[in-house]
Each structure stands twice: as C-alpha cells, then as structure tokens.
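In what follows, every chain begins at residue 1, and chains take the letters A, B, ... in the order their sequences are listed. The model shown is predicted, which means the values in this text are computed figures rather than measured ones.
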Amino acid sequence: MPPTNSDESRDLAFQEAIDADRTVEPRDWMPERYRSTMVRQIAQHAHSEIIGMQPEGNWITRAPSLRRKAILLAKVQDEAGHGLYLYAAAETLGVERRELTELLITGRQKYSSIFNYPTLTWADVGAIGWLVDGAAITNQLALTKTSYGPYARAMVRICREESFHQRQGFELLSELSRGTAAQHEMAQDAVNRWWWPALMMFGPPDTESPNTAQSMAWKIKRVSNDDLRQRFVDMTVPQAQALALDLPDPQLRWNDARDHYDFGPIDWEEFRQVVSGHGACNAQRIAVRRAADEDGAWVREAARAWEGRQSSRTSAA
Amino acid sequence: MTAGVAGLWVVDLREVALGLGDDCLVLSHRLAEWTTHAPELEEEMALANLALDLLGQARSLLTLAGEADGRDEDHLAYWRDDRDFHNLLLVEQPNGDFAVTMTRQLLFSTFQELLYRGMAAGTEPRLAAIAAKGVMEARYHVEHARLWVQRLGGGTEESHRRMCRALDLLWPYTRELFEPTESWSRAADQGAVPPLSSLEEPWRHSIESLLADSDLEIPGFPAWQSGGRLGRHSEHLGHLLAEMQHLHRSHPNASW
C-alpha cells in the first residue's frame, strides 16, 4: 500500500483540511473517532430536544390564556422538529434513528441534564424559554461554525427558532414580573430554581473537561465551556435587570478589570448527581419516552405492514 | 332580540359560534394531550399541527361569540362550567389509543369540512371568513385521518382489531352531529349556516367508502347519544375543564 494511503497521512490531511476551515461532509473520509464523537454529540443534542418537550409540554393543557397556549404548543412542536433534523444529521454518519432511540430509552446515551429538573409552576415555562433557551443559543451559535457540515447547517436553522423562543420566554416572565404580587413571586421563584442549572448547561470547567482539547482541535467545539458560560452570564444579567427579577447569586457583580461579570461558585456536586441519574426527573423522563415508544409499536408496525402491501400491489400491477 | 348582520339574531349567531368554537377548543385540548406520547416523531408534529389549527379556529369563533356581551376568548374558555359548554360529545371523548384518536378525528373532521364548506358560502360574513380559512385546515385533517384509518384498518391483525373497537366506541356519538339546535335552524333559515340534514348523506358516504377500502364497516347498531350542544355532557368534560381552567381561575383579574 502506498504511504499516501496510510492512516497517519490521512489523519494528517484531515487535520490540515480542518485547520484550513473546510467543513467535513458526509462522503468525506474522516477518522473513526471524529465520526463517533460527532454521532454521539448530534444524537445527544437530538435526544435533548425530544426529552426537552416534556418539562414544557407539562403545561400545555393548563396554559392560563389561549394565546399562551398556542405559543407553547408551537414551541414544543418546534422542538420535535429540531429533534427530527438532528436525527437526520446523525443519519448522514451511517447510524439510524431507531438505534439512537434505543440508546436513549435504555439510558446508554445522555441528553442535556437540565431537563431532569421539574416544571413546578407556569413561570417555569418562561424561565426555560429565557434561561435554558438562552444558554442553548449561546452554545449553538458557536456550533453554527462547527466542522461537520450537516450539523453546522442544522444549527443555523435551529438557532433562528431558538432566539424566537427565548424572546417569548422573556416576554412571558416580563408579564408575570409586572403582574400581581403572586405572579411576580412565581416568576422570581422560577428564576431562583433555574439559574444555577442553566449555568451548568455549559458543562464542567475547562480544567475538568476531558473531551475539550480533541474537540477543539477538530473544531467540533469552537469555544470552551467556561468562555461560553461567561458569555451567557454577561448577556443575561442586564436582561434580569430589565425584568426586575433578581439572580440568586450574591457574588454576581461587574468586574471592570476583567470587563465581565464575576459570579459565585457552581455546585458541581449537584451537576454530577443529576448527570449520573439522580435528578428529580431522570427516571420519569426516560419512562415517558419508553412508554411512548412501546405504546406506539403496534402503530408503526401497522404502517409498515400496510406500506409493504401497497408496494407489493404496485409491483404486481 | 337584536337583529345582527344578514337578518341573523345576535343570540343565534352567539350560540352557533359558541358551539363550533367549543368543538375546536375541546378537541384541540385532547390532541394536545398527545404531546410527548405520540407513536413516532412525525406524528408528534402532525398532532400538534391539528391541535394548533383547532385552537386558532376556537379563538376566532369564541371571539365572535363573545362580541355581543363583551366577553373575550379567555373569559369564555376559562370561566364557563361544563353545563355552559356547547361542544359535541364526540370531541370530549378521551384519546384512548391511537386508533380511537384517529377515528374521532375522521368522524369529526369529515363533518367539520362539510360544515365549513357550507358556512364559507353563507350569508354571515364573519362566520364565512372563519370557515373559509378553516376549510383548508379541515381538509388536511381529513386527509391525515383517512390515511391512518386505512393503514390501521389494513395493517396488522392487532391494528384492525383496535380500529373495530374504536368505531364501536365512538359511533354512538355521531347522531348528535346532525341534530340542529333551535338557533342553528334559524341561522340555517337565514342562509348563514348549512342545514345539518344536508351534511349527513355526504358525510356518511365519505366515511362508508373509506371504511370499505380499509376492511372496516360502520357498526350495525344505531347512534343514540346526544346532548352536548345543550350542555349535557359526558363525565369526561368536567375533568378536562378542571385541568384547563385551574390556573387561570386561581388568579382572577391577572393578565398573562
């Protein structure tokens, strides 16, 4: 075999293409670890969209006005749509949606830990829109420049819809904050509960993030966890002021020297507990997904049987 | 009584709009209950679409119904008890399995499409405008339900069995579709809405031919349930409204 075809030189050529900011496309050769990292990341992102429908879906039937109900229903539908695009992006890497669903419902692949927190009041719908979608956008804007083409393009489209959701969440909270005393209190309580989990969405500190170096070299990840977290804090503090809601961190203050907000320490033990399955809703979220899959099996089977019969009729004709 | 547009009494317009609006609101709620439970992701999207279309129609119809006495859509949706809801019994029936949900959709949307076609050509301009927009949506809902009824009827033994059971379960609620209230009859006399008797034959024909193509048939027993349009509901509606109205009623005078 000529030396130009060796793994080492292919790896080198791949890295050179990445360094020259060329996107990787489905038919391009790629190192196996790049492929598997990409599959895992896109699948986890897709799962997050699908599991993320549950905490907000929890309030659709109880939404307090028909206008809000329509907005929320459309938002949860968008999340199903994002899940579909992302599974399709993962499929360009040679896996099937069915396999990924199996990995999700058997707990072998993860989704964003934020969705293991419960939505206790209507204000949680607003807090998710404002903080959780806000954090997701911060992450995803960086991913619009990720090296894998289909993923980057999916991110562009998803970011547009997410920004819309984030504004809707902000507006929902703003209405509550300016509303009755009970509504204001509901909004503040939701922000108190969602602020720290939202900061955890960017993942462990850079010093403890094992995958970061390789992912940065492959330009899968373009900005580090801590830098993204800082961007999010800097963007969100003025918005909280506009909402007349407090962020539950006594150490949060502007630092002129750094030109950023300083914020207090994150409880990483809580993060580890939730990631490893001990959050309030981990078991419930998976059980709902698994039940939907099992209860729907006869429907999917009927559709396959019917389509099989239609195509054999067509070919016989 | 006050005469409204096109010789239609305000009270009749109100009752007609309220009944049709309640159909949409209650069925939209049922469809929204499927969120995160659908048999596949594509169906999550489709069921949410149906729920959103119906919610949009409900908002237009309730707004029209509340115009005369200054009650807005939310007041009508959240502050009436079940005896004051005028929806058909069919739409409040629980989702059951996917066969029940699709059968309910077929029976209702086929009716709604025919009704909207008549109303779009009617003499009351606001009802006609709502119907003209709604008929496009109803058309899609019918297509969606027909496709699934075909697949399930002609799919596997299990799906066929579930379809038969769904038809038996829901058929009793179909009589009421074609029973006019007094307000409906007066509105029909004025040409604002189609006479319900004119819809029954095309409705039955459409359902019957689809079922025949799907190895299914209309149940052999007569449909006998009615009362929804007059505020006599099944036990299910009270629970649905308790869930829907609870938060809004817990904060009277709040805006959202």
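At least one side-chain heavy atom of T61(A) sits less than 4.5 Å from a side-chain heavy atom of E33(B). Residues E44(B) and I50(A) form no side-chain contact, since every pair of their non-hydrogen atoms from C-beta on lies 4.5 Å or further apart. Looking only at side-chain heavy atoms (C-beta outward), H251(B) and M186(A) come within less than 4.5 Å of each other.
Between chain A and the options H248(B), R59(B), H246(B), heavy-atom pairs under 4.5 Å are most frequent for R59(B). For the set P39(B), A77(B), G56(B), the count of heavy-atom pairs under 4.5 angstrom toward chain A peaks at P39(B). Across L152(B), L52(B), L240(B), N49(B), the residue that shares the most heavy-atom pairs under 4.5 angstrom with chain A is L52(B). Contact count versus chain A (heavy atoms, under 4.5 Å) is highest, among H37(B), M244(B), Q245(B), E40(B), for M244(B).
In this structure, OG1 in T35(B) is found 11.0 Å from CG in N58(A), a value given to the nearest 0.5 Å. One distance of note links CZ of R68(A) with CG of D74(B); it measures 11.0 Å at 0.5 Å rounding. Here R285(A) contributes atom CZ and T36(B) contributes atom OG1; the two are 9.0 Å apart, rounded to the nearest 0.5 Å.
Residues forming a side chain to side chain contact (heavy atoms under 4.5 Å, CB included) with S60(B) (at least two apart in sequence, or on another chain): I130(B). Looking at residues two or more places apart in sequence or on another chain, you find a side chain to side chain contact (heavy atoms under 4.5 Å, CB included) between P64(A) and W122(A), L247(B), W256(B).
Atom CD of Q284(A) sits in a crowded spot, with more than 12 heavy atoms from other residues, nucleotides or ligands closer than 6.0 Å.
Taking both residues in full, the closest heavy atoms of G155(B) and R309(A) are given as O-NH2, 2.9 Å, listed atom of the first, atom of the second, then distance.
Residue R289(A) touches chain B through its side chain alone, counting heavy-atom pairs closer than 4.5 Å.
Near-neighbour residues of residues 94-108 of chain B relative to chain A, defined by a heavy atom under 4.5 Å from a heavy atom of that chain, comprise D97(B), F98(B), A99(B).
Using a 4.0 Å cut-off between a side-chain N of Lys or Arg and a carboxylate O of Asp or Glu, R162(B) and E301(A) do not qualify as a salt bridge.
Among residue pairs with one or both ends in residues 243-256 of chain B, those qualifying as salt bridge (charged side-chain N to carboxylate O under 4.0 Å, His left out) are D81(B)-R249(B); sequence neighbours excluded.
Judged purely by atom type and a 3.5 angstrom limit, E307(A) has no side-chain atom pairing as donor or acceptor with the backbone of R151(B).
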